Amino acid sequence: MEKKKKIIVGSAAIAIVAAIGIGFWYNSYQAEQNCFALLPADSEVYTMELGSVTPSDASVFVDVENTSEKMQNAQKDIHLNYTDDQTITKEDGTAYLKVGDYEGTVTAGSQELPFTLHIVDTTAPKATLSQESISFDYGTDLTNHDWNQYISASDLDETTITVEQGVDTNTAGSYTVKFIIADPSGNSVEKELAVTVNEKPAPAPTTTTSSGSSSTSKR
């Protein structure tokens with residue numbers, strides 16, 4: 001009788017250990033099947049260029065190597081926290097985020113993983129000269145001359161135009177006017193306009209009348 005009790009107790013212990021083992025295996029299996037990770041796994045910070053449309057498909061943020069096939073195929077969604085004044089609208093009506101950091105969450109199934117979206121601007125503005133060279137008559141007053149009329153610029157962000165010029169219309173010769181177009185992120189492009197100041201006109205010739213007086217001929 002005692003021997004039979006020991007056998008029963010031993011069988012129960014084995015059953016418990018087996019159940020624990022199966023439970024541990026099942027939990028590990030479930031964890032493996034539901035494994036979900038973002039790229040980059042070390043910092044969860046994503047850098048995108050200004051003007052990039054925020055992906056509607058959150059799978060672009062998923063670390064495929066560390067995410068199970070099941071979770072790769074699961075429905076995913078992305079949510080970003082931002083306000084209307086943190087967006088810029090393109091001419092075609094597309095809105096994009098301004099330079100800065102934005103907190104977000106990627107949802108896959110019942111899991112939510114936070115991340116930071118870092119928007120940067122590394123693209124220089126585009127600039128075009130309306131003409132490559134201009135000329136002025138000697139002595140032209142350039143005090144209020146609008147140099148910006150010769151340059152046009154475009155950028156996803158605001159731009160500033162700085163004009164560097166030292167044109168002296170009282171000295172004939174060749175000059176260069178430099179335009180520096182920059183955006184708030186420090187990207188810039190330069191354009192140069194060739195300027196020529198014409199020679200000073202020669203004095204009008206004089207003629208002598210029969211009475212000996214001189215007069216200036218008219219042209």
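What you see is a predicted model, and the numbers here were worked out from it, not measured in a lab.
Residue-environment remark: CD (Gln131) exceeds the threshold of 12 foreign heavy atoms within 6.0 Å. Heavy-atom neighbours of Asp92 CG from other residues, nucleotides or ligands within 6.0 Å: above the threshold of 12. In the displayed structure, Tyr102 atom OH is contacted under 6.0 Å by more than 12 heavy atoms of other residues, nucleotides or ligands. Other residues, nucleotides and ligands contribute over 12 non-hydrogen atoms within 6.0 Å of the CD atom of Gln149.
Taking 4.5 Å as the limit, every side-chain heavy atom of Val177 sits out of range of all side-chain heavy atoms of Glu192. Between Thr105 and Ile78, every side-chain heavy-atom pair lies at or beyond the 4.5 Å cut-off. Using a 4.5 Å heavy-atom cutoff, the side chains of Tyr82 and Thr87 are in contact.
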Worksheet item: side chain to side chain contact (heavy atoms under 4.5 Å, CB included) between Thr89 and Thr94: does it pass, once the steps are laid out?
Response: CA-CA 6 Å; Thr89 303; Thr94 303; over 6 Å; no
Practice prompt. With side chain to side chain contact (heavy atoms under 4.5 Å, CB included) as the test, would you mind laying out the steps for Thr122 and Glu49 before giving the verdict?
Written response: CA-CA 7 Å; Thr122 63; Glu49 183 71 16; 2.8 Å; yes
Fill in: Intermediate values then yes/no, side chain to side chain contact (heavy atoms under 4.5 Å, CB included), Val195 and Thr176
CA-CA 6 Å; Val195 177; Thr176 299; over 6 Å; no
Discussion item. Under the criterion side chain to side chain contact (heavy atoms under 4.5 Å, CB included), I'd like the reasoning laid out for Thr128 against Ile151: C-alpha separation, chi angles, the key distance, then a yes or no.
Written reply: CA-CA 6 Å; Thr128 305; Ile151 189 79; 6.0 Å; no
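With Lys126 contributing its side chain and Ala124 its backbone, the two residues share no donor-acceptor pair below 3.5 Å. Without hydrogens or angle criteria, Ser52 side chain to Met48 main chain gives no donor-acceptor distance under 3.5 Å. In this structure, Lys76 contributes its side chain and Gly109 its backbone to no donor-acceptor pair below 3.5 Å.
Across every non-hydrogen atom of Gln111 and Phe36, the tightest pair is OE1-CB, 3.6 Å. When every heavy atom of Thr107 is checked against every heavy atom of Glu112, the shortest pair comes out as OG1-CG, 3.5 Å. Shown here for Asp137 and Asn198, the closest heavy-atom pair between the two residues is OD1-ND2, 3.2 Å. Here the closest non-hydrogen pair linking Asp141 and Thr143 is OD1-OG1, 2.5 Å. Val62 and Thr67 get closest at one heavy-atom pair: CG1-OG1, 3.4 Å.
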Please list, one pair per line, the donor and acceptor atoms closer than 3.5 Å that link side chains of residues 180-189 to other protein atoms, with sequence neighbours excluded.
unit_1: Asp183; atom_1: OD1; unit_2: Ser185; atom_2: N; d: 3.0
unit_1: Asp183; atom_1: OD1; unit_2: Gly186; atom_2: N; d: 3.1
unit_1: Asp183; atom_1: OD1; unit_2: Asn187; atom_2: N; d: 3.0
unit_1: Asp183; atom_1: OD1; unit_2: Asn187; atom_2: ND2; d: 3.4
unit_1: Asp183; atom_1: OD2; unit_2: Asn187; atom_2: ND2; d: 3.1
unit_1: Asn187; atom_1: ND2; unit_2: Asp121; atom_2: O; d: 2.8

Listed pairs under 3.5 Å, donor-acceptor, residues 164-173 side chains, sequence neighbours left out:
unit_1: Gln165; atom_1: OE1; unit_2: Val167; atom_2: N; d: 2.9
unit_1: Asp168; atom_1: OD1; unit_2: Asn170; atom_2: N; d: 3.0
unit_1: Asp168; atom_1: OD2; unit_2: Thr171; atom_2: OG1; d: 3.0
unit_1: Thr169; atom_1: OG1; unit_2: Thr140; atom_2: O; d: 2.6

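Under the 3.5 Å distance criterion, with hydrogens and angles disregarded, no donor-acceptor pair is assigned to the side chains of His79 and Asp77. Side-chain contact, Glu103 with Thr116: a donor N or O sits under 3.5 Å from an acceptor N or O.
Taking hydrophobic clusters as Ile, Leu, Val, Met, Phe, Trp and Tyr residues chained together by side-chain heavy-atom distances below 4.5 Å, Leu80 does not share a cluster with Val45. Under the 4.5 Å side-chain heavy-atom criterion for ILVMFWY residues, a single connected hydrophobic cluster contains both Leu142 and Leu193. If you chain together hydrophobic residues whose side chains sit under 4.5 Å apart, Ile119 and Val60 fall into the same group. Residues Leu156 and Leu117 fall within the same hydrophobic cluster, defined by Ile, Leu, Val, Met, Phe, Trp and Tyr side chains chained together at heavy-atom separations under 4.5 Å. Hydrophobic clustering (side-chain heavy atoms under 4.5 Å, transitive across Ile, Leu, Val, Met, Phe, Trp, Tyr) keeps Val120 apart from Tyr96.
The aromatic rings of Tyr150 and Trp147 sit tilted, their planes meeting at an angle between 30° and 60°.
Residues satisfying the ring pair (Phe, Tyr, Trp, His ring centres under 6.0 Å) test with Phe61, not counting sequence neighbours, are Tyr46, Phe115.
Atom CZ of Phe179 is separated from atom OG of Ser152 by 10.5 Å, given to the nearest 0.5 angstrom. Taken from CD in Gln72 to SG in Cys35, the straight-line distance is 10.0 Å, to the nearest 0.5 Å.
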